[in-house]
Amino acid sequence: MIAQRMTPTSTPASVYFDNAATTPLDPEVLDAMLPFMREHFGNPSSIHGHGRKVRAAIENARKTVAHLINAAPAEISFTSGGTEADNYAAFGSIRTLGLKHAVTSKLEHHAVLHTLEALAKKGEIELSFVRHDAQGQLDLAHLEELLGSNTRSFVSLMHGNNEIGNLNDIQSISDICRAHGAIFHTDTVQTMGHYRHDVRQLGSHFLVGSAHKFHGPKGVGFLFCNSEVQVQPLIHGGAQERNVRAGTENVYGIVGLTKALEIAYRDMAAHQQHIQGLKDRFIERLRAEIDDVQFNGLSADAERSLYTVLSVSLPPSDMNEMLLFNLDINHVSASGGSACSSGSNIGSHVLSALGCDPNRGAIRFSMSKYNTPQEVDFAVEQLAKMYRRVPA
């Protein structure tokens, strides 16, 4: 069953299409969290009854998350979110295992790019980038070439791109990494809770999730670390999380994350059908209303992109400089950014890497189970008011 907000069937007062940035909290998740905000307040490291009750909740959550992605409970560590989990995988692998070479792409989230660039700047690794085409499709033959010509490597390539929505074939990437003895980390922040993951089948060494991307609370995530790999902690100062991550656990965050992931798996098929329908409607309406509208990367390809993300390329116009502002004052929340233009502005590193025209406007609409067809129509109408008469 599709969960719906209290949204009128007529013209909405405002709409939210920035779910790739964060999603609204599911009411079922809040209900699961509230007892751990009110009654069950014990420190999970304490040995008395109050502490033991909370410790049991954390361990039950760990078992549930592990079950959903086909991992062992000992392979799940709770973190403050996806960025910390990505950092832990990179720093932990490279420093613990003495890896001197890392491979990524220029389309990765900054949580990966900036982390690996920092390690390269310090001289700890040599950093290589997998080639990609103008649509953002990775050259896996080049990945094999990079791994074959270097010593044991750390590879970090995401499952779903947060800006353009491209889906990478992480199973093939994992198989290539295994064949070359490389450590494979995949940033699954945008796909966790929207696609099913089986880490045993995938064979990756690291995989991550962030609760607020699938209607859970902010400030909590998890890292899957394959038992084949033992790495040193990133945060020191306590024995929490089985000596992996020091600091008192975010108990109600962990409970909320787990409930949100359970709901996501329970209702995934219905939500995917609903949201894909919204995306298809967006594409159809935009093409009908705006001349020369295009789509970045593989965003308009239903088979090869996230069903939750649509990256729109708009024709050159003076409107582009104030695009998000104008949408905002017309009650549409979305995100975007043009390609960088010769260093004159700070734009999207992803669109720049694809060679997108910096004179074209870019906007990302990202959808959730709470959005409606009426909201799609409203958002397109507001955008069309700005671009309908723009020449191609």
Side-chain angles (χ1 to χ4, degrees), residues 58-79 81-82 84-86 88-90 92-94 96-97 99 103-104 108 112 138 140 143-144 147 152-160 167-211 213-214 216 220-233 241-245 254 257-269 271-272 304 306-307:
I58 292 176
E59 296 312 317
N60 286 335
R62 197 185 316 278
K63 291 176 183 177
T64 299
V65 171
H67 171 72
L68 290 172
I69 65 170
N70 197 21
E75 296 174 314
I76 303 298
S77 298
F78 293 111
T79 68
E84 183 193 330
D86 287 338
Y88 173 38
S93 296
I94 289 166
T96 303
L97 303 176
L99 306 179
V103 180
T104 189
E108 293 293 309
V112 168
L138 299 180
L140 298 191
L143 172 62
E144 289 201 77
L147 296 181
R152 194 182 190 197
S153 303
F154 175 81
V155 176
S156 182
L157 293 168
M158 61 174 31
H159 186 200
L167 284 171
N168 291 324
D169 183 357
I170 55 173
Q171 185 64 65
S172 293
I173 293 170
S174 181
D175 293 344
I176 291 169
C177 289
R178 286 278 174 180
H180 290 275
I183 299 297
F184 178 42
H185 160 261
T186 182
D187 181 339
T188 50
V189 164
Q190 287 296 332
T191 58
M192 186 60 61
H194 302 291
Y195 296 83
R196 294 184 182 275
H197 293 276
D198 183 333
V199 295
R200 290 290 167 257
Q201 178 179 325
L202 178 61
S204 67
H205 296 91
F206 298 98
L207 176 145
V208 307
S210 186
K213 305 296 188 180
F214 48 88
V220 63
F222 72 88
L223 174 72
F224 159 76
C225 178
N226 193 303
S227 59
E228 296 176 5
V229 180
Q230 299 296 320
V231 297
Q232 295 298 315
E241 290 302 287
R242 307 182 188 194
N243 292 303
V244 169
R245 182 187 188 270
I254 292 169
L257 177 153
T258 306
K259 185 63 176 180
L261 196 59
E262 285 185 296
I263 295 168
Y265 269 68
R266 181 191 74 196
D267 301 336
M268 193 175 292
H271 290 161
Q272 182 166 359
R304 296 186 292 171
L306 293 165
Y307 60 89

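Numbering starts at 1 and runs along the sequence shown. Every value quoted in this text rests on a predicted model; they were computed, and no experiment measured them. Heavy-atom basis, side chains included; hydrogens, waters and symmetry copies ignored.
Annotation: side-chain hydrogen bond (donor to acceptor under 3.5 Å, both in side chains) contacts of Arg266 (sequence neighbours excluded): Glu28.
Rounded to the nearest 0.5 angstrom, Thr79 OG1 and Arg245 CZ are separated by 6.5 Å. A distance of 6.5 Å separates CD1 of Ile170 from CG of Leu207, quoted to the nearest 0.5 Å. With values rounded to the nearest 0.5 angstrom, Asp175 atom CG is found 11.0 Å from Ser204 atom OG. Rounding to the nearest 0.5 Å places CE of Met268 at 9.5 Å from CZ of Phe214. In this structure, Phe184 CZ and Ser156 OG are separated by 7.5 Å, a value rounded to the nearest 0.5 Å. To the nearest 0.5 Å, the span separating CD1 on Ile58 from NZ on Lys63 amounts to 13.0 Å.
Taking every heavy atom of both residues into account, Leu257 and Phe78 meet most closely at CD2-CE2, 4.3 Å. The two residues Val155 and Ala182 make their nearest non-hydrogen contact at CG2-CB, 4.0 Å. The minimum heavy-atom distance linking Gly81 with Ser210 is given by the pair CA-OG, 4.1 Å. Annotation for Arg152 and Leu97: closest pair NH1-CD1, 4.4 Å, computed over non-hydrogen atoms.
Between the side chains of Asp86 and His185, at least one donor N or O lies within less than 3.5 Å of an accepting N or O. Side-chain polar atoms of His205 and Ser174 form no donor-acceptor pair below 3.5 angstrom. At a cut-off of 3.5 Å, with distance as the only test, no side-chain donor of His159 or Thr186 sits close to an acceptor on the other residue.
Look at Glu75 and Arg62 and you find no salt bridge, because none of the NZ, NE, NH1 or NH2 atoms lies under 4.0 Å from a carboxylate O. Ionic pairing of Glu144 and Arg178 is not present here: no N-O contact between side-chain nitrogen and carboxylate oxygen is shorter than 4.0 angstrom.
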For this session: Starting from the C-alpha separation in whole Å, work towards a yes-or-no answer on ring-ring contact (aromatic ring centres under 6.0 Å, His included) for Tyr265 and Tyr195.
Result: CA-CA 8 Å; Tyr265 269 68; Tyr195 296 83; over 10 Å; no

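With Asn168 as the partner, the side-chain contact (heavy atoms from CB on, under 4.5 Å) test is satisfied by one option alone out of Ile173, Leu140, Asp187: Ile173.
Side-chain rings of His271 and His194 stay apart, their centers remaining 6.0 Å or farther from each other.
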